[in-house]
There are 2 protein chains.
Amino acid sequence: MPSNKTTQCLAFEHHDHQRCQSRLLSAAKQLCHSQNIRLTERREQVLQILLQSHQPMGAYEILGQLNQNPDVSMVAPPIVYRALEFLLSVGLVHRIECKNAFIGCAHPGHASAAQFLICKGCEKVAELDNPTTSLQQEASQVGFMIDHSVVEITGLCAECQADG
Amino acid sequence: MPSNKTTQCLAFEHHDHQRCQSRLLSAAKQLCHSQNIRLTERREQVLQILLQSHQPMGAYEILGQLNQNPDVSMVAPPIVYRALEFLLSVGLVHRIECKNAFIGCAHPGHASAAQFLICKGCEKVAELDNPTTSLQQEASQVGFMIDHSVVEITGLCAECQADG
DNA sequence: TGGCATAATGTTATATTATAACGTAACTTA
DNA sequence: TAAGTTACGTTATAATATAACATTATGCCA
């Protein structure tokens, strides 16, 4: 049995990203359908752009990609921000605070407080899927009621370390 | 012996802030002196402004306070950002990513990866002083080499919960 | 002490990120 | 189909941050 020590860091492993991407898109559609919320064309466009890679994108970068399509008329920032607002609220996208950027959720539906490993080398971001951390325990020890948590670890992934 | 369960969350406790402030300023001076780096007047001004409260401040808010002094000529954003850059590099100030804001370090010299509890009620921020977390362990388990970590927990402090 | 190198500050302009405000179109449901 | 709601489009502008270059202060040592 192969070691699975990195199986929760898909972003840092070689994988069939085509499949990864379509799996996440299907999951998104299903999730929205089951919750009776609308994944409109715009929202889906933005989600698809984010799912193209495991790298976070700025809002204006997304905007740029939307506007690359010459068939469609140019759109302005609020379009993107509104789609992102929706996707964030549903948990299909996360915000990477330390980069003012956005990334597709790697574990849609798991709701939990996400934690990110952000590689400075390849700029990919892995989303850990661990529910409770010691932090949450500490917070409650001092009587703090958690609403939302941001955990972003920057550094070098294994491969980028090897590449020097 | 009184419970010390919250002693590391000074920000959320009633305390003599006058003393807190001057203690941190002295510590900063000492730290810079011992490391032979210059805490210039500008840098000290900015640090003092941040030490006035346990609430994070945006760069332009700091700028506003600097420019409140009618004796001195107006300064422009780069002044503030440069002072902040210095103070961040020395570890006298931290950046609160989820607010694009800055806060005086509550434990100067401890170097460690800081973790913040951010209250939505009183807007105060407590800096935990815990060295290694389970996160760091997890990161190294997947071969990730940590450079910097951002841990920001938003919610309600005990007092704000009580206040309804 | 004077002159050089470096570090810090000051100034202007502009880049980047985000949202307010208001109008139009589309969907939903009675 | 009318009314209410949600989503989208458009314009303008707010808020955050930095590039580039000029000036001043500091440290150093010949």
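Naming convention: chains lettered A, B, ... in sequence-line order (proteins, then strands); numbering from 1 in each chain. These numbers were taken from a predicted model, which means no experiment stands behind them.
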Euclidean distance, atom CZ of residue R82(B) to atom C1' of dG10(C) [Å, nearest integer]: 7 Å
dG9(D) OP1/OP2 closer than 4.0 Å to side-chain N/O of R42(A): yes
N/O (side chain, S73(B)) to phosphate O (OP1/OP2, dG10(C)) under 4.0 Å: no
Side-chain N,O (Y81(A)) to OP1/OP2 (dT19(C)) below 4.0 Å: no
Sugar-phosphate, base or nothing in reach of R38(A), heavy atoms under 4.0 Å: sugar-phosphate
Parallel, tilted or perpendicular: rings of F144(A) and F12(B) (30°, 60°): parallel
Residue pairs involving residues 85-98 of chain B (criterion side chain to side chain donor-acceptor pair (under 3.5 Å); sequence neighbours excluded): H94(B)-E127(B), R95(B)-E97(B), R95(B)-N100(B)
V125(A) and L117(A), any side-chain heavy atoms less than 4.5 Å apart: no
Interatomic distance, N100(B) CG vs dT16(C) P [rounded to whole Å]: 16 Å
Separation of atom CG in N36(A) from atom P in dT6(D), rounded to whole Å: 13 Å
Nearest-neighbour nucleotide for the A76(B) side chain, dT11(C), dA18(C), dA17(D) considered: dT11(C)
Polar side-chain contact Y60(A)-dA15(C) base: donor and acceptor under 3.5 Å: no
Sugar-phosphate, base or nothing in reach of R43(B), heavy atoms under 4.0 Å: sugar-phosphate
H33(B) (side chain) donor-acceptor with L39(B) (main chain) under 3.5 angstrom: no
Protein-nucleotide distance (K99(B), atom NZ; dA17(D), atom C1'), rounded to Å: 19 Å
Under 4.0 angstrom between R95(A) side-chain N/O and dT17(C) OP1 or OP2: no
Whole-Å gap separating P (dT9(C)) and CG (L84(B)): 12 Å
Rounded interatomic separation in angstrom, taking CE from M74(B) and P from dG10(C): 13 Å
Integer-rounded Å distance: dA7(C) P and E85(B) CD: 13 Å
Nucleotide dT16(C), atom C1' - distance to CD1 of I62(A) in whole Å: 14 Å
Nearest-nucleotide 5' precedence on DNA chain C, E61(A) against P78(A): E61(A)
Mutual orientation of the aromatic rings belonging to H17(A) and H54(A) [parallel < 30°, tilted 30-60°, perpendicular > 60°]: perpendicular
Nearest-neighbour nucleotide for the I79(B) side chain, dT11(C), dA18(C), dA21(C) considered: dT11(C)
